[in-house]
Colleague: 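Once you've had a glance at the structure underneath, I'll fire off some questions.
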Amino acid sequence: MIDRTYLRENPDEVRDALENRGADVDLDAVLEIDERWRELKARGDELRHERNRITERIGELVAEGKQDEKDEAIEQSKELKAEIEAVEAEAAELQDELEEHMLEIPQIPHESVPPGVDERHNVEDRRWGFDDLREGPAEVTPHYELGEELDIIDEARGAKTTGSGFYFLKGDGARLEHALIQFMLDVHREQGYVDLFPPVPINSASMRGTGQLPKFADDAYRIGDSNDEAYDDDDLWLCPTAEVPVTNMYADDILLQDDLPLKHQAYTPNFRREAGEHGTETRGIVRVHQFNKVELVNFVEPENSYDRLEELLGEAEEVLRRLELPYRVLELCTGDLGFKAAKQIDLEVWAPADDMDDGPEQGGRWLEVSTASNFEDFQARRAGLRYRPERHESAEYLHTLNASGLAIPRVMVAILEYYQNEDGTVTIPEALRPYMNGQEVIEGHEKVGEAALGAGERE
RNA sequence: GCCAGGAUGGCCGAACGGUAAGGCGCACGCCUGGAAAGCGUGUUCCCUUUGGGAUUCUGGGUUCAAAUCCCAGUCCUGGCGCCA
């Protein structure tokens, strides 16, 4: 949430900033409601002041035993009460309306964000790992075909137990998943992160704290009711990213300056509806309804947040470097920024199998595996995340940042495609072998069931 | 799930129908050669800031007046029950 006072005092700056990101917000309506609210608030305060004086007087009159004057005062007070109720009821309505609007105004982009309309104007910073590429097969098999051949990814049976967009990992596939999780957690622990294992159901208040609600209710899985129904603060949703429970963990707390920077990592499953996302670009496990990821969340002092953003990006990159997976770094332009972010930097790994138009010269495509974001005080204001600066009397909003470290299915896609061998096996990246009991190659499994027999896939 | 008790400022903690003590911490000032101690002031949010309003977990109610009484809810503690 942006600062209401700032909006009131700098409407043109806010208007320009929102225009740059292509946001459609009726600022005039908001400013007008704010204006009307302030008038009513002042009127209500006045009336209350008057009543407080009378009530105080009643106490004195009771003590002095002045019956008649007391009765008269009580009569006055009753009259005021009705008037106050009317004024304040209207003010409260406007206040709610104002709050509703404020929750839907996106964050103001940082001045360093490149201007642009959409993803075409994102700016590539650099690439890593392309100078010394690994020798792969002439024709790389896409992960969704390979996963099926090796019988390590089973999408069909996932659809059977749950629905499309859910999948089973089996044997070495499941093992690779576990290995990636443990490996990532170890890397980040070295970087000073403290592990958390959060609850998976999340209440609406927390979802609003990080910015998922109210605008993006359709993206989340709601527990126990339809997404279309009205929800209460304590209604539950399935965790869409560990950012939500971890950031809200300190909601309404005041942290000590010594606590900062506070760095948490959390591995959780993530649930996303991804409505209407189907096609070649999303085949396989690139876009699914449930996936696991290690999330990095930082709580920092405002003056350090942009330095931290660079460091945070480096901490996520470290995972790809150790896995020796080629990738690129992309600065998002104003038009492609997420709702709550002031600045975002994407990390995209190279998946060589499917040639896409916007992929690199070597063929294949880019897969976003992490976005390092600085939210500044946007989430802090929503969730009530504060700290007390030294030599400061009052608590202030801190800055929050996060990045995936990393999204596991897409890293798995990159491994299955980039580390693929001519014979259809997959070499396990060296960094992961200690987590797989020294295993060096994924050779796959014999398939199970009569369908496999009929297809000639087993004897 | 049942019963009992509880929730007050950054923290601790009093007040139990008449408008929120006190202590700790922190900030600023006085004092001091300097520090400690001591003393003073300040230390939630909102507004149109020499002023005013709101705020005792949340939401309702009773009353001229609610931290205080009543109802509902959330969370915490203890006991009982159930349970992998």
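Hydrogens, waters and symmetry mates play no part in the numbers below; they use all other heavy atoms, side chains included. On a predicted model such as this, the values are computed, not experimentally measured, just so you know.
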Colleague: Looking only at the side chain of A:Lys41 (C-beta and beyond, no hydrogens), which of the listed nucleotides B:G53, B:U48, B:C64 gets closest?
Modeller: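 Closest of the options to the side chain of A:Lys41: B:G53.
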Colleague: Hey, are A:Thr210 and A:Gln379 close enough side-chain-wise for a donor-acceptor pair under 3.5 Å?
Modeller: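 Short answer, no.
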Colleague: Out of B:G10, B:C46, B:A65, which has the shortest distance to the side chain of A:Thr55?
Modeller: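 For A:Thr55, the side-chain atoms sit closest to B:A65.
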Colleague: Do the side-chain N or O atoms of A:Arg48 get closer than 4.0 angstrom to the phosphate oxygens (OP1, OP2) of B:A54?
Modeller: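 So the side chain of A:Arg48 is within the cut-off, an N or O lying under 4.0 Å from OP1 or OP2 of B:A54.
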Colleague: What is the distance, rounded to the nearest whole Å, between atom CZ of A:Arg51 and atom C1' of B:G18?
Modeller: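 Nearest whole value for this atom pair: 14 Å.
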Colleague: Touch check for A:Arg57, heavy atoms < 4.0 angstrom, all strands: base, sugar-phosphate only, or nothing?
Modeller: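 Nothing: the residue A:Arg57, judged by heavy atoms under 4.0 Å, touches no strand.
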Colleague: Check whether any side-chain nitrogen or oxygen of A:Asn52 sits under 4.0 Å from OP1 or OP2 of B:U19, and answer yes or no.
Modeller: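 For B:U19, neither OP1 nor OP2 has a side-chain N or O of A:Asn52 closer than 4.0 Å.
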Colleague: Can you check the A:Lys70 NZ to B:G18 C1' distance for me, whole Å?
Modeller: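 From A:Lys70 NZ to B:G18 C1': 12 Å.
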Colleague: Scan side-chain atoms only and decide if A:Lys293 and A:Thr241 contain a donor-acceptor pair under the 3.5 Å cut-off.
Modeller: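 Side chains of A:Lys293 and A:Thr241: pair found under 3.5 Å.
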Colleague: Taking the side chain of A:Ile254 as its heavy atoms from C-beta onward, which of B:C47, B:C64, B:G10 lies nearest to it?
Modeller: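 From the listed options, B:G10 comes nearest.
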Colleague: B:C46 and B:U55: how far apart are their C1' atoms, nearest whole angstrom?
Modeller: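 About 11 Å, rounded to a whole number of Å.
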Colleague: Please give the distance between the P atoms of B:C2 and B:C16 as a whole number of Å.
Modeller: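 Looking at atom P only, B:C2 and B:C16 are 33 Å apart.
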Colleague: Side chain of A:Ala42, heavy atoms from C-beta onward: which of B:U48, B:G10, B:A54 has the nearest atom to it?
Modeller: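 It is B:U48.
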Colleague: Quick one: does A:Asp45 reach the base of B:G53 with a side-chain donor-acceptor pair under 3.5 Å?
Modeller: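 Such a pair does not exist between side chain and base.
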Colleague: Does the distance from a Lys or Arg side-chain N to an Asp or Glu carboxylate O, for A:Glu50 and A:Arg53, drop under 4.0 Å?
Modeller: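 Salt bridge: no.
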Colleague: Quick one: which of A:Gln191, A:Arg308, A:Gln265, A:His188 gives a side chain to side chain donor-acceptor pair (under 3.5 Å) with A:Glu315?
Modeller: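 By the side chain to side chain donor-acceptor pair (under 3.5 Å) criterion, A:Glu315 pairs with just one of A:Gln191, A:Arg308, A:Gln265, A:His188: A:Arg308.
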Colleague: Quiz question: by atom type and distance under 3.5 Å, do the side chains of A:Ser404 and A:Glu295 form a donor-acceptor pair?
Modeller: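 Checked: A:Ser404/A:Glu295 side chains pair up, N/O donor to acceptor below 3.5 Å.
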Colleague: Take atom C1' in B:U68 and the same atom in B:U19, then report the distance between them in whole Å.
Modeller: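 Each nucleotide's C1' atom is 12 Å from the other's.
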Colleague: Quick one: A:Ile54 CD1 to B:U63 P, roughly how many Å, whole number?
Modeller: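 These atoms are roughly 18 Å apart.
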Colleague: Say you pick atom P in B:G61 and the same atom in B:G17; how far apart are they, in whole Å?
Modeller: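 Those two atoms are separated by 23 Å.
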Colleague: Out of B:U48, B:G53, B:C64, which nucleotide sits closest to the side chain of A:Ile74?
Modeller: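 Between B:U48, B:G53, B:C64, the one nearest the side chain of A:Ile74 would be B:C64.
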Colleague: Looking at the side chain of A:Ser77, which of B:C47, B:A65, B:C64 is the nearest nucleotide?
Modeller: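 For A:Ser77, the side-chain atoms sit closest to B:C64.
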Colleague: Tell me whether A:Asp259 contacts the main-chain N or O of A:Leu256 through its side chain, where contact means a donor paired with an acceptor under 3.5 Å.
Modeller: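 Yes; judged by distance alone, with no hydrogens or angles, the pair exists.
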Colleague: Is the phosphate of B:A65, meaning OP1 or OP2, less than 4.0 Å from a side-chain N or O of A:Lys81?
Modeller: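 Indeed, a polar side-chain atom of A:Lys81 lies that close.
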Colleague: Salt bridge between A:Arg8 and A:Asp34, side-chain N to carboxylate O under 4.0 Å?
Modeller: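 The answer is yes: the pair qualifies as a salt bridge.
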Colleague: Which helical stems does RNA chain B take part in, if a stem means at least 3 consecutive Watson-Crick or G-U pairs with both distances below 3.5 Å?
Modeller: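 RNA chain B stems, ordered by first number: B:1-7 with B:74-80, B:10-12 with B:22-24, B:25-30 with B:38-43, B:44-47 with B:51-54, B:57-61 with B:69-73.
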Colleague: Output the rounded distance in Å from CZ (A:Arg388) to P (B:C26).
Modeller: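 Taking atom P of B:C26 as the reference, CZ of A:Arg388 is at 12 Å.
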Colleague: Just so I know, are the side chains of A:Tyr419 and A:Ile428 near enough to count as touching, which here means a heavy-atom distance under 4.5 Å?
Modeller: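 Not in contact.
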Colleague: If each of A:Glu56 and A:Arg43 is mapped to the nucleotide of RNA chain B with the nearest heavy atom, which maps nearer the 5' terminus, i.e. the 5' end?
Modeller: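 Taking each residue's closest nucleotide, the earlier one in sequence belongs to A:Glu56.
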Colleague: Could you check how far OH of A:Tyr387 sits from P of B:U43, rounded to whole Å?
Modeller: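 Taking OH of A:Tyr387 and P of B:U43, I get 20 Å after rounding.
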Colleague: Taking the minimum atom-to-atom distance to the side chain of A:Arg386, which one of B:C47, B:U44, B:G53 wins?
Modeller: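 Per side-chain heavy atoms of A:Arg386, the pick is B:U44.
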Colleague: For B:U43 versus B:G9, give the span between their C1' atoms, rounded off to a whole number of Å.
Modeller: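 Those two atoms are separated by 9 Å.
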Colleague: B:C3 and B:G59: how far apart are their C1' atoms, nearest whole angstrom?
Modeller: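 The answer is 25 Å between these two C1' atoms.
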Colleague: Starting at CZ of A:Arg53 and ending at C1' of B:G53, how long is that distance when rounded to a whole Å?
Modeller: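 A:Arg53 atom CZ is separated from B:G53 atom C1' by 14 Å.
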Colleague: Taking CG from A:Leu236 and P from B:U74, how many angstroms apart are they, rounded to a whole number?
Modeller: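 One finds 12 Å between P of B:U74 and CG of A:Leu236, rounded.
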Colleague: In whole Å, what separates the C1' atom of B:U58 from that of B:G42?
Modeller: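 Their C1' atoms lie roughly 31 Å apart.
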Colleague: Toward the 5' end of RNA chain B, which comes first, A:Val62 or A:Arg4, by nearest nucleotide?
Modeller: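 First, find each residue's nearest nucleotide; the 5'-ward one identifies A:Val62.
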Colleague: With rounding to the closest Å, how many angstrom separate the C1' atoms on B:A66 and B:G51?
Modeller: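 These two C1' atoms come out 26 Å apart once rounded.
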Colleague: Restricting to pairs with a member in residues 18-42 of chain A, which pass ring-ring contact (aromatic ring centres under 6.0 Å, His included), not counting sequence neighbours?
Modeller: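 Every pair satisfying ring-ring contact (aromatic ring centres under 6.0 Å, His included) with a residue in residues 18-42 of chain A: there are none.
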Colleague: What's the CG-C1' distance between A:Asp232 and B:G59, to the nearest Å?
Modeller: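 Atom-to-atom, A:Asp232 to B:G59, this comes out as 12 Å.
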Colleague: Is the A:Tyr250 ring parallel, tilted or perpendicular to the A:Phe299 ring (thresholds 30°, 60°)?
Modeller: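 Because their plane-to-plane angle is over 60°, the rings of A:Tyr250 and A:Phe299 count as perpendicular.
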Colleague: Nearest of B:G52, B:A54, B:U63 to any side-chain atom of A:His49?
Modeller: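 Closest of the options to the side chain of A:His49: B:G52.
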